K.L.:
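Okay, handing you the structure first.
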Amino acid sequence: MTNPTRHSTESLTLWITRSSRVAWAPILVFAIHVILAKVFDVYTHFPNIDIAMHFFGGVGITYFLLRSATVAVDLNFLGSPSRAAVVLLTFFAASTTTILWEFFEWIFDHSFQRQFQAGLNDTMLDMLMGMLGSIVYLVLTHALSRRSSNSTINGR
């Protein structure tokens with residue numbers, strides 16, 4: 001008889017290991033942001049680059065979350081959800097991450113007299129761009145996977 005706790009611990013370790021392999025995407029976006037801000041002071045000269053960074057942040061975190069959710073499904077952590085359920089879970093998790101990011105910016109602004117946020121419009125646009133990046137990534141991933149499966153089915 002196998003020990004369920006041992007199996008769960010091994011599965012959790014496997015999930016963490018596999019998920020950490022795709023953590024490079026959001027880390028890369030954040031690293032680019034830091035380099036642009038601290039090394040090249042790009043945001044002072046081109047403040048609208050912030051819009052693109054939030055969009056690609058949404059793409060990066062969605063890539064990570066979708067791959068992590070897929071691994072969790074493969075390891076039977078989430079049962080057997082439909083592909084649509086995994087996509088919705090991923091979108092809602094990415095949206096929550098986007099909102100929490102803005103809360104952290106607000107906390108830092110008020111706690112350390114920083115100026116990460118330039119007002120309500122900036123915050124709302126940042127959240128919109130993060131969620132839009134998530135949607136674009138999920139739609140493109142779906143379209144590419146359908147195209148790939150159609151090519152395989154048709155023998156192309």
Side-chain angles (χ1 to χ4, degrees), residues 9 11-75 77-78 81-152:
T9 304
S11 294
L12 180 62
T13 302
L14 191 55
W15 176 73
I16 290 170
T17 301
R18 288 182 182 174
S19 294
S20 66
R21 291 180 188 153
V22 294
W24 64 266
I27 292 170
L28 177 63
V29 174
F30 184 71
I32 290 170
H33 158 73
V34 170
I35 291 167
L36 290 176
K38 301 297 180 189
V39 176
F40 297 109
D41 196 27
V42 169
Y43 292 91
T44 301
H45 306 290
F46 304 101
N48 286 337
I49 195 123
D50 185 55
I51 295 168
M53 292 308 300
H54 281 276
F55 176 85
F56 287 113
V59 170
I61 198 65
T62 302
Y63 169 78
F64 168 72
L65 291 168
L66 182 59
R67 297 292 298 265
S68 294
T70 302
V71 169
V73 168
D74 291 346
L75 295 172
F77 280 164
L78 301 177
S82 67
R83 177 75 177 157
V86 172
V87 167
L88 280 174
L89 174 69
T90 300
F91 173 71
F92 291 139
S95 297
T96 300
T97 304
T98 297
I99 292 165
L100 290 174
W101 182 271
E102 292 302 316
F103 273 122
F104 286 123
E105 282 188 357
W106 182 83
I107 289 167
F108 272 89
D109 281 356
H110 286 80
S111 298
F112 302 108
Q113 276 61 54
R114 300 298 307 241
Q115 198 63 40
F116 291 119
Q117 295 179 324
L120 181 59
N121 287 339
D122 174 67
T123 300
M124 297 305 289
L125 182 60
D126 289 351
M127 288 191 293
L128 175 66
M129 295 311 295
M131 292 169 151
L132 187 60
S134 179
I135 290 168
V136 167
Y137 177 78
L138 291 169
V139 167
L140 287 175
T141 300
H142 176 71
L144 291 173
S145 70
R146 288 191 71 175
R147 183 176 174 199
S148 175
S149 66
N150 285 342
S151 294
T152 305

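Source: prediction; values computed, not measured. By convention here, the first residue in the shown sequence is residue 1. Atoms considered below: every heavy atom in the structure, side chains included; atoms not considered: hydrogens, waters and symmetry mates.
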K.L.:
Considering residues at least two apart in sequence or located in another chain, which fulfil the side chain to side chain donor-acceptor pair (under 3.5 Å) criterion with Trp24?
P.N.:
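Expected list: none.
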
K.L.:
Could you give the distance from CD1 (Ile61) to OG1 (Thr97), rounded to the nearest 0.5 Å?
P.N.:
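Going from CD1 on Ile61 over to OG1 on Thr97, the span is 5.0 Å.
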
K.L.:
Can you find a heavy atom in the side chain of Thr98 that is under 4.5 Å from one in the side chain of Leu128?
P.N.:
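A side-chain contact is absent here, since even the closest heavy-atom pair is not under 4.5 Å.
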
K.L.:
Nearest 0.5 Å, what's the CG-NE2 distance between Leu138 and His142?
P.N.:
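Output value for this atom pair is 10.5 Å.
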
K.L.:
CD of Gln115 to CG of Asp122: how many Å apart, nearest 0.5 Å?
P.N.:
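Rounded to the nearest 0.5 Å, the CD-CG separation comes out at 9.0 Å.
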
K.L.:
Considering only heavy atoms from C-beta outward, does the side chain of Val29 approach that of His54 to under 4.5 Å?
P.N.:
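Side-chain contact under 4.5 Å: no.
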
K.L.:
Let's go through Phe40 and His45 carefully: what are the C-alpha distance in whole Å and the side-chain angles of both, what is the deciding distance for side-chain contact (heavy atoms from CB on, under 4.5 Å) to 0.1 Å, and is it a yes or a no?
P.N.:
CA-CA 10 Å; Phe40 297 109; His45 306 290; over 6 Å; no

K.L.:
Does the side chain of Leu78 reach to within under 4.5 Å of the side chain of Leu89, using non-hydrogen atoms?
P.N.:
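Of all side-chain heavy-atom pairs linking Leu89 with Leu78, at least one is under 4.5 Å.
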
K.L.:
Apply side-chain contact (heavy atoms from CB on, under 4.5 Å) to residues Tyr137 and Leu66 and explain how you reach the verdict.
P.N.:
CA-CA 10 Å; Tyr137 177 78; Leu66 182 59; 4.0 Å; yes

K.L.:
What is the distance from atom CE of Met129 to atom CE of Met53, rounded to the nearest 0.5 Å?
P.N.:
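Met129 atom CE to Met53 atom CE measures 12.0 Å (nearest 0.5 Å).
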
K.L.:
Under the side chain to side chain donor-acceptor pair (under 3.5 Å) criterion, do Trp101 and Glu105 qualify, and how do the steps go?
P.N.:
CA-CA 6 Å; Trp101 182 271; Glu105 282 188 357; 3.0 Å; yes

K.L.:
Val22 and Ser68: which non-hydrogen atoms are nearest, and at how many Å?
P.N.:
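The pair with the smallest heavy-atom distance is CG2-OG, 4.5 Å.
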
K.L.:
Identify the two heavy atoms, one from Val73 and one from Pro81, that lie closest to each other, and give their separation to 0.1 Å.
P.N.:
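The answer is CG2-CG, 3.7 Å.
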
K.L.:
Report, as yes or no, whether the 6.0 Å neighbourhood of atom CG on Asp41 holds more than 12 heavy atoms from other residues, nucleotides or ligands.
P.N.:
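For Asp41, atom CG is crowded (more than 12 foreign heavy atoms under 6.0 Å).
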
K.L.:
Where the side chain of Ser20 meets the backbone of Thr17, is there a donor-acceptor pair that is under 3.5 Å apart?
P.N.:
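Looks like yes, one N/O pair under 3.5 Å.
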
K.L.:
I'd like to check Val136 versus Phe55 (side-chain heavy atoms, cut-off strictly below 4.5 Å). Are they in contact?
P.N.:
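A side-chain contact under 4.5 Å exists here.
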
K.L.:
Side-chain donor-acceptor pair under 3.5 Å between Thr123 and Asp126, yes or no?
P.N.:
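No.
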
K.L.:
Once you round to the nearest 0.5 Å, how far does CG of Leu125 lie from CG of Leu132?
P.N.:
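One finds 10.0 Å between CG of Leu125 and CG of Leu132.
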
K.L.:
What distance separates Ile135 CD1 from Ser95 OG, expressed to the nearest 0.5 Å?
P.N.:
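Rounded to the nearest 0.5 Å, the CD1-OG separation comes to 7.0 Å.
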
K.L.:
What do the steps show when you test Phe64 against Ile27 for side-chain contact (heavy atoms from CB on, under 4.5 Å), and what is the final call?
P.N.:
CA-CA 10 Å; Phe64 168 72; Ile27 292 170; over 6 Å; no

K.L.:
Any heavy-atom pair between the side chains of Phe77 and Leu12 that's under 4.5 Å?
P.N.:
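Leu12 reaches Phe77 side chain to side chain.
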
K.L.:
Would His33 and Val42 count as a side-chain contact (heavy atoms from CB on, under 4.5 Å) here? Give the steps.
P.N.:
CA-CA 9 Å; His33 158 73; Val42 169; over 6 Å; no

K.L.:
Work out which heavy atom in Thr90 is nearest to a heavy atom in Ala69; give both atom names and the distance.
P.N.:
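The pair with the smallest heavy-atom distance is OG1-CB, 4.1 Å.
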
